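Working notes for the structure below.
Fair warning: this is a prediction, and the values are worked out from it, not measured in the lab. In what follows, chains are A, B, ... by sequence order, proteins preceding strands, each numbered from 1.
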Amino acid sequence: MPRQRSPRSAALGLTVRRIPTTIPSRSGGPLRRRLVIGLLVLASLVLISLSVRSDGSGPLGGVQSAGATVLEPFGVGLERVAQPFRDVYGWADSLLTARSEAEELRAEVQELRQRAIQSEFALQESIYLRELLDYIDGPRFPADFDPVAAEVTYRPSGAFTQAIVIAAGSDDGVRADDPVVNADGLVGVVTRVTASSARVQLLTDEEAAASAIDLRTGATGIVRHARGTRETLVLDRVRKQDVVRRGNEIVTAGWRAGALSSLYPKGIPIGRVTSVGQTDTDLFQQVQIDPYVDFGSLDAVLVLVPSERP
Amino acid sequence: MSSGVALRTFAVVFVAALLQVVIVSSLIVAGGAPDLLLVVVVALALLRGSVPGALLGFTGGLVVDVVTLGTMGVSSLILTLAGFWAGRYAETTGRDRRLAPLIAVGTITVLAAAFGYFLYYLLDENVVASHALIGALAPAFVLNLALALPVYALVRRIVGESHRVEPSPEVEVLV
């Protein structure tokens with residue numbers, strides 16, 4: 001009698017075989033399973049704890065830096081392979097928004113034509129005034145900074161962080177707190193640096209802030225990310241008596257008070273005011289800004305490295 | 001798991017982690033981006049079980065945290081638990097369910113977002129709940145679901161399934 005047949009079934013001669021099924025293995029016994037998950041969770045918690053405490057320095061920072069350096073060629077290679085696909089995506093995405101932007105751009109072109117004529121007249125006057133202002137103001141930009149061009153290699157995922165990783169690090173002279181810009185305006189600030197890469201906190205991060213000024217009216221405030229949005233900014237802490245109008249340009253204020261100074265040099269464009277509002281209960285005006293920088297499609301940036309570090 | 005399969009499996013996770021941070025996370029649709037690495041880890045866990053799932057999640061998270069210079073261990077912890085849960089689901093109630101990848105990916109996307117928010121809150125990071133748990137999660141949920149079945153099929157093709165053939169007991173038919 002075959003091993004799996006019972007006397008009763010053998011007597012009846014009726015057997016139905018179950019179809020063998022394939023299922024994931026049970027990954028060992030419950031004890032081994034609990035041990036592995038426990039160790040992995042513990043390892044993660046230890047890593048988090050060490051990482052938060054060391055803040056990028058110490059042995060863990062060294063390991064992370066070495067790991068990032070080793071893995072960087074893979075990222076750069078993949079980035080180059082992925083670039084055409086990203087371009088196609090960007091092109092498709094831009095098509096969707098092109099129609100509405102075209103109307104705005106036509107109106108802007110008209111305005112810019114008129115401004116260009118006025119600018120020609122103002123140019124001669126401004127050359128003289130600029131020389132005077134440079135002499136009076138002291139802080140000289142961009143003469144005080146050297147640009148370091150860097151390719152964007154990684155974009156941390158998820159809704160929790162707004163940051164990028166760039167292929168320039170301490171070997172290129174980049175340090176934490178160096179401002180980062182691109183051709184459109186202010187991008188953010190360097191928060192962590194390894195030998196060959198750096199993490200840049202974007203201006204759209206919840207924890208990012210930059211002192212800013214309305215170029216036309218001189219109203220000052222702090223540019224922050226508008227909570228609950230992806231790429232909208234707000235100019236916070238604008239006093240009610242200050243004048244801010246829709247369409248005004250907001251740039252970095254670049255203040256200096258004794259030994260203290262803003263992280264950002266003054267005059268870097270941030271965005272254009274899209275709405276201004278205030279209520280009786282609020283202490284400050286509510287100013288929304290549309291940033292010039294398209295934070296979703298950053299391919300390369302410039303790190304502003306001070307010419308003379310303290 | 002043979003060494004060849006293990007190598008292929010870790011290679012899949014490594015490539016998925018790099019793809020995620022190089023290109024996928026910048027493919028923003030309606031305010032959210034898909035999480036390819038999460039989907040791959042869930043698919044691998046469904047195919048290989050809870051312990052490999054947890055190990056692969058930990059590895060993938062570690063790669064992400066290293067290359068993005070983020071807080072080490074955060075992604076590892078989230079993906080470890082995601083891989084473990086998906087593996088347990090496959091070993092128990094999800095067994096032989098055709099829609100298991102969809103159910104697992106959908107559920108884990110929501111749970112991972114909630115747990116991630118909680119974790120960042122504990123780390124004193126400013127994260128807006130409405131954006132993290134609704135604005136970005138809703139499109140990410142849909143995109144991850146769209147990726148679930150194709151990624152599961154692709155991963156199964158690359159690494160195969162963990163075969164554990166049950167003994168074939170006879171079923172007696174009493175007349």
Choice from [options] maximising heavy atom contacts with chain A below 4.5 Å:
options	answer
B:Asp65, B:Leu123, B:Val74, B:Ile23	B:Ile23
B:Leu27, B:Leu77, B:Leu69, B:Ile78	B:Leu69
B:Gly83, B:Gly57, B:Ala54, B:Gly70	B:Gly70
B:Thr71, B:Leu119, B:Val63	B:Thr71

Using heavy-atom distances under 4.5 Å, tell me whether [X] contacts chain A through its side chain, its backbone, both, or neither.
X	answer
B:Leu62	side chain
B:Val24	neither
B:Leu37	neither

Can a donor-acceptor pair be found between the side chains of [X] and [Y] at a distance below 3.5 Å?
X	Y	value
B:Ser25	B:Gln20	no
A:Arg192	A:Gln201	no
B:Asn144	B:Thr109	yes
A:Thr194	A:Gln64	no

Side chain to side chain contact (heavy atoms under 4.5 Å, CB included) partner of B:Val105, the single match among B:Val42, B:Leu149, B:Leu46: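 Exactly one candidate clears the test, B:Val42.
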Side chain, backbone, both or neither: which part of [X] has an atom under 4.5 Å from a heavy atom of chain B?
X	answer
A:Ala66	neither
A:Val41	both
A:Leu45	side chain

With rounding to the nearest 0.5 angstrom, report the [atom1] to [atom2] distance, [X] to [Y].
X	Y	atom1	atom2	result
A:Leu233	A:Gln288	CG	CD	9.5 Å
B:Leu102	B:Tyr152	CG	OH	11.0 Å
B:Thr80	A:Leu39	OG1	CG	11.0 Å

Counting heavy-atom pairs under 4.5 Å with chain B, which one of [options] comes out on top?
options	value
A:Leu71, A:Thr153, A:Val36, A:Leu78	A:Leu78
A:Val165, A:Ile37, A:Val46	A:Ile37
A:Leu47, A:Asp205, A:Ile48	A:Ile48

Does atom CG (B:Leu122) have a neighbourhood of more than 12 heavy atoms from anything else shown, all under 6.0 Å? yes
